[in-house]
Each structure stands twice: as structure tokens, then as C-alpha cells.
Amino acid sequence: MNTESNPPLFDVMVSPRWADQDSMGHINHVQYFRYLEEARVQWMANTGFGMGGGGELSGMIVAAAGLNFRKEWHHDKPLRVRAWAVHIGNSSFRLLQSLHSEDGSELVAEGEITLVCIDAKHRPTPIADAERTLLQQSAVA
């Protein structure tokens, strides 16, 4: 997938903690999902994405998540988290997410997540036009 054609939806730095390491001395695989969540929450807080804005939207839920681990990582080295839209549906969208070294030269992990926009009753609700436009700006084929 060519992610160089469009800017990422977000580009967020996260700092692994010493306690995130496992007994083998590298970051435990579960922690990567937490880093991705942390980056998405920062993105939503900074842009207001998925926060309602007067409509019926109440939030988003994770429908599916997967990750391929490419390289060991350690707590004293920051990670750069990026995401691009790879599919935009009516009420759901799929993101390609990646974790890289701070300078972007080393791919640590990558995978996809599917998010569903929901209303106050936790039923799927259409993606708002402004949010759809934001997703389309980072879309990759």
C-alpha cells in the first residue's frame, strides 16, 4: 500500500514505558495496541473527530483490529504512530496504522483497524460529511 501519496490522518509520538517491557526485555505485543489507541485518542481530541458536534454521533467502537510485528522495540525509544484511511463505508472505516522509529526509518509494527461510528444507543450511524472529508484526505489505495 502506497502511503506516500497522501499525508497521514495523524502522526503522533508515543513514549513506551519501562513497565511495558516483558521478561525478554522488549515491549510486550499487547502494549502496541495501547499505543495505537493512545494515538487515536489524541487525534480525536485534537480534531474533534467522532465527538458528536451536535449530531447523533456518540462515539466509535472497534469492530476489528490486527497487527503485524516487524521489529523488537525497547522502552527508552519513542515511537511514531501514523494512520491512513484504506476504506470508508457508510458508518464504518478502516485505517492502516503503523508504528515507526522516531525518524520514521524503522517499521516496528503495522496493521489495520475497523472503527464503527455509533449513536447514543450504540447503533451504527453514518459518518458525518466533515469527518468523511477528513478521512478521504488521507485515503490510500
Side-chain angles (χ1 to χ4, degrees), residues 1-53 55-141:
M1 212 166 286
N2 182 8
T3 58
E4 295 179 24
S5 60
N6 288 341
L9 189 59
F10 57 82
D11 187 338
V12 174
M13 295 302 295
V14 295
S15 296
R17 297 164 296 273
W18 182 84
D20 295 347
Q21 295 182 115
D22 60 19
S23 62
M24 304 226 12
H26 55 78
I27 301 299
N28 182 278
H29 64 283
V30 172
Q31 299 302 329
Y32 293 102
F33 288 98
R34 291 187 176 122
Y35 302 151
L36 294 168
E37 177 186 44
E38 180 180 330
R40 286 192 311 273
V41 168
Q42 284 185 38
W43 162 62
M44 291 185 298
N46 290 339
T47 64
F49 192 100
M51 302 297 185
E56 291 293 314
L57 184 63
S58 175
M60 292 181 288
I61 59 169
V62 174
L67 203 54
N68 297 309
F69 304 97
R70 305 292 186 202
K71 183 175 181 67
E72 284 186 6
W73 208 249
H74 302 277
H75 83 280
D76 59 342
K77 300 187 318 189
L79 286 167
R80 179 175 298 280
V81 182
R82 295 179 179 143
W84 292 265
V86 292
H87 174 78
I88 306 166
N90 182 47
S91 60
S92 67
F93 57 96
R94 195 169 69 243
L95 299 179
L96 170 65
Q97 302 178 119
S98 64
L99 295 112
H100 291 264
S101 58
E102 187 173 9
D103 67 1
S105 65
E106 298 175 81
L107 177 62
V108 178
E110 65 182 341
E112 293 188 3
I113 186 165
T114 301
L115 298 161
V116 180
C117 298
I118 58 170
D119 64 16
K121 294 183 180 178
H122 290 214
R123 294 180 303 211
T125 191
I127 300 168
D129 290 341
E131 293 172 341
R132 181 175 299 279
T133 298
L134 187 61
L135 290 168
Q136 288 170 335
Q137 291 171 356
S138 77
V140 295

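All values reported here derive from a predicted model rather than from experimental measurement. Side chains are part of it too, since the values below use all heavy atoms of this structure and drop only hydrogens, waters and symmetry mates.
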Under 3.5 Å donor-acceptor, Trp84 side chain and Leu95 backbone | no
Asp11 side chain vs Arg82 backbone, donor-acceptor pair below 3.5 Å | no
Within-4.5 Å side-chain heavy-atom neighbours: Leu67 and His29 = no
Should Asp20 and Arg17 count as an ion pair when the cut-off is N to O under 4.0 Å?
-> yes
Determine yes or no for a side-chain-to-main-chain donor-acceptor pair under 3.5 angstrom, with Arg132 supplying the side chain and Asn90 the backbone.
-> yes
Salt-bridged, Glu102 to Arg80, with N to O below 4.0 Å?
-> no
What distance do Phe33 atom CZ and Leu99 atom CG have between them, rounded to the nearest 0.5 Å?
-> 10.0 Å
Output the distance between atom CE (Met44) and atom CD (Glu37), rounded to the nearest 0.5 Å.
-> 8.0 Å
Got a second to check how far Glu106's CD is from Ser101's OG, nearest 0.5 Å?
-> 4.5 Å
Which of Glu131, Met60, Gln136 passes side chain to side chain contact (heavy atoms under 4.5 Å, CB included) with Phe93? Answer is Met60
Taking only residues two or more places apart in sequence or in another chain, which ones pass salt bridge (Lys or Arg N to Asp or Glu O under 4.0 Å) with Arg123?
-> Asp119
State, to 0.1 Å, how close Ala85 and Ser138 come at their nearest heavy-atom pair, and which atoms those are.
-> N-OG, 3.3 Å
Does a sphere of radius 6.0 Å around CG in Asp129 hold more than 12 heavy atoms from other residues, nucleotides or ligands, not counting ones at 6.0 Å or beyond?
-> no
Start with the C-alpha gap between Val81 and Ser98, add the side-chain angles, then the distance that decides, and say whether side chain to side chain contact (heavy atoms under 4.5 Å, CB included) holds.
-> CA-CA 6 Å; Val81 182; Ser98 64; over 6 Å; no
Below 4.5 Å, heavy atoms only, C-beta onward: do Arg40 and Gln97 meet side chain to side chain?
-> yes
Calculate, to the nearest 0.5 Å, the distance between atoms CG and CD1 belonging to Leu135 and Ile88 respectively.
-> 5.0 Å
Out of curiosity, Met13 CE to His100 NE2, how far, rounded to the nearest 0.5 Å?
-> 11.0 Å
Between Pro16 and Trp73, which heavy-atom pair has the shortest distance, and what is it?
-> CG-CD1, 4.3 Å
Which distance, rounded to the nearest 0.5 Å, do you find between the CD of Gln21 and the CD of Glu72?
-> 10.5 Å
Under a 4.5 Å cut-off applied to non-hydrogen side-chain atoms, are Phe10 and Thr47 in contact?
-> no
Does a side-chain heavy-atom distance below 4.5 Å link Leu115 with Val62?
-> yes
For Lys77, enumerate each residue passing the salt bridge (Lys or Arg N to Asp or Glu O under 4.0 Å) test, keeping only those at least two apart in sequence or located in another chain.
-> none
Residue pair Ser91, Thr125: steps toward the side chain to side chain contact (heavy atoms under 4.5 Å, CB included) verdict = CA-CA 5 Å; Ser91 60; Thr125 191; 5.8 Å; no
